[in-house]
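Let me begin by presenting the structure, written as structure tokens, before commenting on it.
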Amino acid sequence: MVVAVYPGTFDPLTYGHMDIIERATALFGKLIVGIYENPSKQPLFPLEQRVELVKVAATGLSNVRVRAFKGLTVDFIHQVGGKVMIRGLRANSDFEREFEMALMNRKLAPDIELLCLMTSSQYQFLSSSLIKEVAKLGGCLEGMVPDHVALALRDKFSVSITLATGKGRM
Ligand code: ADP
């Protein structure tokens, strides 16, 4: 069974991430979503909460596990017995960054293969940083993040946010 690892900051999880998670689970026996502590990005959500938000979203996906990690991504992938690293690609800008990182990771761990999955077109504009900007200003997050993520953002920013269920503002 090939174990794949999808690493990222997930601050917070979006439907763009979920799209990649769902498509990767169809390809591999086991998918581990690795939530990177990433102190350099100064995440809005603490590590434990980012893990919890992904766990809740992945509840129905039996071959997905969610784990937190610190340090080098390739070390984490080795620790969990992973063979493939999954990343998501949106625009050209992602490609350049991912290509650079892939070459560095190949140098560090030649046994790990990188697989980049293209995002579905409706999620091409989605990023966690944009979501945070919109949430901070009380904008509608419908179709961008699961409801439990929208609720967590609402609590963080103390604003009312429209739920994907269309039940109006909270
Ligand atoms: P990182 O700090 O590692 O970039 P992110 O949580 O921002 O962490 O992203 C994790 C991975 O998910 C990256 O490969 C990123 O390109 C991908 N990703 C983020 N948003 C989307 C999206 N809307 N569609 C597809 N992939 C995405």
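Just so you know, ligand 1 is whichever comes first in the structure, and atom 1 is the first atom listed for that ligand. Keep in mind that what you see is a predicted model, and the values were worked out from it rather than measured.
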**Item:** S127 N/O to ligand 1 N/O under 3.5 Å
**Value:** no
**Prompt:** Strictly under 4.0 Å, does any heavy atom of D94 approach an atom of ligand 1?
**Reply:** yes
**Closest protein heavy atom to atom 11 (C) of ligand 1, given as residue, atom name and distance to 0.1 Å** = Y6 OH, 3.5 Å
**Message:** Parallel, tilted or perpendicular, judged at 30° and 60°: which one describes the rings of F10 and Y6?
**Reply:** perpendicular
**Prompt:** For atom 21 (C) of ligand 1, what's the nearest protein heavy atom and its distance?
**Reply:** R90 CD, 3.6 Å
**Request:** Compute the shortest N/O to N/O distance between G8 and ligand 1 and return yes if it is under 3.5 Å, no if not.
**Result:** no
**Asked** Quick one: does L126 get an N or O within less than 3.5 Å of an N or O on ligand 1?
**Response** yes
**Request:** Could you tell me whether D94 and R87 make a salt bridge, using a distance below 4.0 angstrom between a side-chain N and a carboxylate O?
**Result:** no
**Request:** Among all protein heavy atoms, pick the one closest to atom 24 (N) of ligand 1 and tell me residue, atom and distance.
**Result:** T119 OG1, 2.9 Å
**Request:** Could you state whether L103 and L72 fall into the same hydrophobic cluster, counting links through intermediate Ile, Leu, Val, Met, Phe, Trp or Tyr residues with side-chain heavy atoms under 4.5 angstrom apart?
**Result:** no
**Message:** If only side-chain N and O atoms count, and only distance matters, is there a donor-acceptor pair under 3.5 Å linking T9 with N38?
**Reply:** yes
**Item:** F99 atom CZ, over 12 foreign heavy atoms within 6.0 Å
**Value:** no
**Request:** Please could you name the atoms of ligand 1 that G16 approaches to less than 4.0 Å, counting only its heavy atoms?
**Result:** 22 (C), 23 (N), 24 (N), 25 (C)
**Complete:** Under 4.0 Å from one or more heavy atoms of F10, ligand 1 contributes atoms 6 (O)
**Prompt:** For atom 3 (O) of ligand 1, which protein heavy atom lies nearest, and how many Å away is it?
**Reply:** R87 NH1, 3.0 Å
**Request:** Kindly confirm or rule out an N or O of G88 lying under 3.5 angstrom from an N or O of ligand 1.
**Result:** yes
**Nearest candidate to atom 19 (C) of ligand 1, where distance is taken over non-hydrogen atoms, out of Q124, R50, H17, M118** = H17
**Request:** Would you check if I32 and V3 make a side-chain contact, meaning some heavy-atom pair closer than 4.5 Å?
**Result:** yes
**Prompt:** Is the closest side-chain donor-acceptor distance between T25 and N63 under 3.5 Å?
**Reply:** no
**Fill in**
Heavy-atom proximity to atom 2 (O) of ligand 1, picking from K41, M144, R97, points to K41
**Item:** Among D19, T119, V145, T14, the one residue meeting side chain to side chain contact (heavy atoms under 4.5 Å, CB included) with L126
**Value:** T14
**Message:** Please verify the inter-ring angle class for F69 with F76; under 30° counts as parallel, over 60° as perpendicular, anything in between as tilted.
**Reply:** parallel
**Message:** Just to verify, what does E113 make a salt bridge (charged side-chain N to carboxylate O under 4.0 Å, His left out) with, not counting sequence neighbours?
**Reply:** R106
**Request:** Could you find the nearest protein heavy atom to atom 8 (O) of ligand 1 and give me its residue, atom name and distance?
**Result:** T9 N, 2.9 Å
**Message:** With a cutoff of 4.0 Å, is I20 in contact with ligand 1, counting heavy atoms of the residue only?
**Reply:** yes
